[in-house]
Each structure stands twice: as structure tokens, then as C-alpha cells.
Amino acid sequence: MKKKRILFTGGGTAGHVIVNLALIPVFQREGWEIDYIGSENGIERKLIEPLDGVTYYPISTGKLRRYMSIENIKDPFKVLKGTFQAWRIIGSRKPQIIFSKGGFVSVPVIFASRLRRVPAVIHESDYTPGLANKLAFPFAKKILATFSETMAYLPEKKAEHVGAVIRDELFQGNKKTGLDICGFTAEKPVLLIMGGSGGSEKINQAVRNSLPKLLPLFQIIHICGHGKKDDSIQKQGYIQFEYVQDDLNHLLAATDFVLSRAGANAIFEFLALQIPMLLIPLSREASRGDQIVNAHSFRKKNYALVLEEEDLTEETLIQHLSQLKEEATFYKQHQKTYQSEKTRDRVIEIIKENRKDR
Ligand SMILES: CC(=O)N[C@H]1[C@@H](OP(=O)(O)OP(=O)(O)OC[C@H]2O[C@@H](n3ccc(=O)[nH]c3=O)[C@H](O)[C@@H]2O)O[C@H](CO)[C@@H](O)[C@@H]1O
């Protein structure tokens with residue numbers, strides 16, 4: 001019988017890799033051969049290369065910069081080189097289907113998929129599509145969306161709203177294990193702070209300045225981002241991590257409230273786990289504003305409380321977290337209306353339906 005083969009791509013930030021991490025084990029269990037195309041130095045290499053049974057192929061890739069740089073001139077050539085590399089990899093590995101979670105590294109892969117006539121399925125997790133995905137859409141067979149509102153931005157014939165794909169293990173956390181990892185008690189609420197997969201300087205700073213007022217209210221798990229830990233702060237009830245890979249499920253099981261950026265994957269995880277959240281979306285100064293619309297959609301559905309980055313001060317932070325604590329039941333009630341279980345199965349079904357040579 002012909003071997004089933006799938007090629008995944010996506011990277012740049014963990015948000016463009018995590019969905020692939022949720023899907024890969026399912027295809028592995030079903031005996032598919034799995035390849036991954038990512039960048040040479042991105043986080044996808046760290047997260048994917050160590051996986052057993054997945055072959056990682058690094059390629060050259062461009063990057064979206066919001067500032068002038070000589071690198072911007074080199075980018076089209078890098079994308080061209082990446083397309084040629086991806087074309088060769090697809091030619092030799094012969095996947096029947098390509099699944100892309102977006103990010104700049106996925107662009108040459110999707111271009112090459114069209115040249116090799118291998119169908120590609122793209123997943124867009126933000127409310128408004130990112131530039132990389134927009135460039136890739138014309139070459140994809142199917143485009144899947146996390147937010148129902150995103151359908152308005154997608155080509156009608158190819159698009160389907162599926163919801164968020166969430167890693168199984170996040171539902172398998174143990175509260176006691178989480179508290180033990182942190183050295184916390186069950187007597188006081190736990191606030192988990194996540195500034196996206198890379199951490200957020202602004203949130204880190206505001207939280208650290210506010211610790212004297214926050215620590216009487218919460219025990220705090222602070223995920224600060226690589227290189228952003230401050231070891232000079234040693235306080236009872238406050239623990240810092242740069243990035244949590246294996247124990248995130250336990251930490252989330254021990255969490256009563258979340259303070260977070262509004263990256264699409266993270267906020268749908270908190271929603272599925274029914275954790276009341278305060279979102280501080282990345283501002284338009286530093287991004288295309290995708291997190292602002294993600295956060296506003298959550299606010300409209302009463303899934304989250306939102307504080308704009310421009311309004312972030314020590315006072316507003318404490319005030320909003322106190323409000324979140326008071327209104328926790330309200331947010332949990334609305335979060336209960338969200339159904340997440342069927343998404344992963346539907347995504348897998350779509351991938352299988354669209355593969356070549358079935
Ligand atoms: C700065 C930037 O470009 N941010 C974008 C990026 O965010 P970012 O990469 O932060 O992505 P998300 O917030 O969507 O997802 C982060 C993922 O990393 C996981 N995680 C995080 C920290 C940790 O210690 N351990 C861990 O496993 C979270 O559980 C989540 O699954 O992609 C998102 C999805 O396209 C966008 O909405 C964001 O605007």
C-alpha cells in the first residue's frame with residue numbers, strides 16, 4: 001500500500017507552530033510519514049526538530065519588518081531561494097498534502113506546492129489574515145479560520161470556519177502538580193501572566209512595578225519570554241519562567257485568572273479551559289493590530305476583559321485585575337457557551353479529503 005505522507009509548515013513565533021504540534025501526533029498514530037519545512041533559526045526548529053518521527057527541513061525565508069532595513073531588499077531573493085528549496089523537498093518527499101499554519105516561512109512552501117501541484121490547506125488563526133497568509137491564499141486549496149468573523153476576509157469558495165485547534169494535553173493538567181511546581185498553596189488565587197510566546201517587555205515592566213499591590217491579591221506565575229527573566233526579584237508567591245514547554249497544562253490547571261497578550265492561539269486556549277482573562281493586545285505601533293481585533297471580538301462575546309496598551313499603568317492594571325476577580329463568574333458563564341472539541345477532528349477530515357491520489 002502507498003505510504004501516506006503529509007508536510008507541515010509554519011513558524012516565526014510559537015503561535016504559528018502550536019497548531020501543527022496538536023495535529024502531528026494524530027497523523028503519527030495513523031502511520032503517516034511526516035515532514036516539516038521551517039526556517040533555519042526560528043522557534044519552529046526548536047519545537048519541531050526534536051520530535052521523533054518528524055523530519056525537519058530548514059529553508060531560506062524572508063521576514064516582515066515594520067522599519068527600513070537593507071534586509072528588506074534581500075527578502076524577495078530569500079523567498080525565491082526558499083521557493084526553490086521547498087520545490088526540491090516537495091519533489092523528493094512527495095507529500096500528498098501540505099498543511100500550513102502561516103508565518104513568513106510558509107510563503108515559499110505554498111508557492112512551491114502550487115508548482116508541484118500538491119494541494120495545500122492553510123489555517124488562519126487571527127481575526128484578520130496576516131500578510132504571509134494573504135500572499136499564500138491564491139495558491140491554497142482550502143483556508144480554515146479560527147474566528148467565525150474571519151470568513152468575511154477569505155475567498156468564499158475555499159474558506160471554512162472550523163474554530164481553534166487546541167493541544168489535547170492542555171486539558172490534562174493537574175492542579176496540585178501545577179501548585180507544587182510553583183511552590184504555591186491552594187488557599188490564594190493564582191494569576192498566570194503570558195505576554196505571547198515571546199513575552200512582552202511592557203507587560204513585564206508593569207507587572208513588576210505593581211508587585212507590592214498584586215501579591216496581596218494573587219500568587220503569580222509570570223511567563224516572561226526568553227532572556228526576559230529578572231532574577232533580582234525573589235518574592236514569596238511570585239515565580240518566573242522564560243517559556244514553559246511541558247508543564248503548561250499543570251500550570252494552567254492551577255490558574256484562576258490570566259493576564260495575557262491577545263495572540264489568537266493563547267486566548268482560545270484560555271477560553272476552552274474557561275479561565276477568566278484580562279487581555280492587553282499588542283498595539284498598532286508594534287504590529288498590524290491583529291491582536292486588537294482578536295481582543296475586541298472576545299470582549300464583545302464577554303469572554304474577556306480588555307485593557308488597551310495605551311491605557312496600561314500600574315493603577316489601571318490593578319483596577320482591571322480586581323474587576324476581573326469580581327466578575328469571574330460572569331466571564332466563566334459566557335466562556336461555557338464556547339464549544340471546542342470538534343475542531344481538530346474536522347481539520348483532520350479536511351486534510352484527508354483534500355489530499356492528492358486518494
Ligand atoms: C508578536 C506577534 O507576532 N504575535 C502574534 C503571534 O503570537 P504568539 O506567537 O504569541 O502566538 P499565540 O499567542 O497565538 O500562541 C502562543 C502559543 O504558545 C504557547 N506557549 C506560550 C508561552 C509558553 O511559555 N508556552 C507555550 O506553550 C501558548 O500556549 C500558545 O499556544 O501569533 C499569533 C497567532 O497568529 C498572533 O495573534 C500574534 O499577534
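One is the number of the first residue; the rest follow in order along the sequence. Counting starts at 1 for both ligands and their atoms, in listed order.
The neighbour count for Lys188 NZ, taken as heavy atoms of other residues, nucleotides or ligands under 6.0 Å away, is above 12. Within 6.0 Å of the NZ atom in Lys213, the count of heavy atoms belonging to other residues, nucleotides or ligands does not exceed 12.
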Contacts table for residues 251-265: side-chain donor-acceptor under 3.5 angstrom, sequence neighbours left out:
from	atom 1	to	atom 2	distance (Å)
Thr255	OG1	Leu251	O	2.7
Asp256	OD2	Val190	N	2.7
Ser260	OG	Met194	O	3.3
Arg261	NH1	Ile280	O	2.9
Arg261	NH1	Pro281	O	3.2
Arg261	NH1	Glu309	OE1	2.8
Arg261	NH2	Ser200	OG	3.2
Arg261	NH2	Glu309	OE1	2.9
Asn265	ND2	Gly15	O	2.8

Can you give each donor-acceptor pair under 3.5 Å made by side-chain atoms of residues 134-143, sequence neighbours left out, with the distance rounded to 0.1 Å?
from	atom 1	to	atom 2	distance (Å)
Lys141	NZ	Asn354	OD1	3.3
Lys142	NZ	Glu160	OE1	3.2

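Between Glu124 and Lys101, none of the side-chain N atoms (NZ, or NE/NH1/NH2) sits under 4.0 Å from a carboxylate O, so this pair counts as no salt bridge.
At a heavy-atom cutoff of 4.0 Å, ligand 1 is surrounded by Thr13, Ala14, Gly15, His16, Ile18, Ser125, Asp126, Arg167, Met194, Gly196, Ser197, Ile223, Tyr243, Val244, Leu248, Gly263, Ala264, Asn265, Ala266, Glu269, Leu282, Asp290, Gln291, Asn294.
Through direct or relayed side-chain contacts under 4.5 Å between Ile, Leu, Val, Met, Phe, Trp and Tyr, Trp87 connects to Phe84, Leu115.
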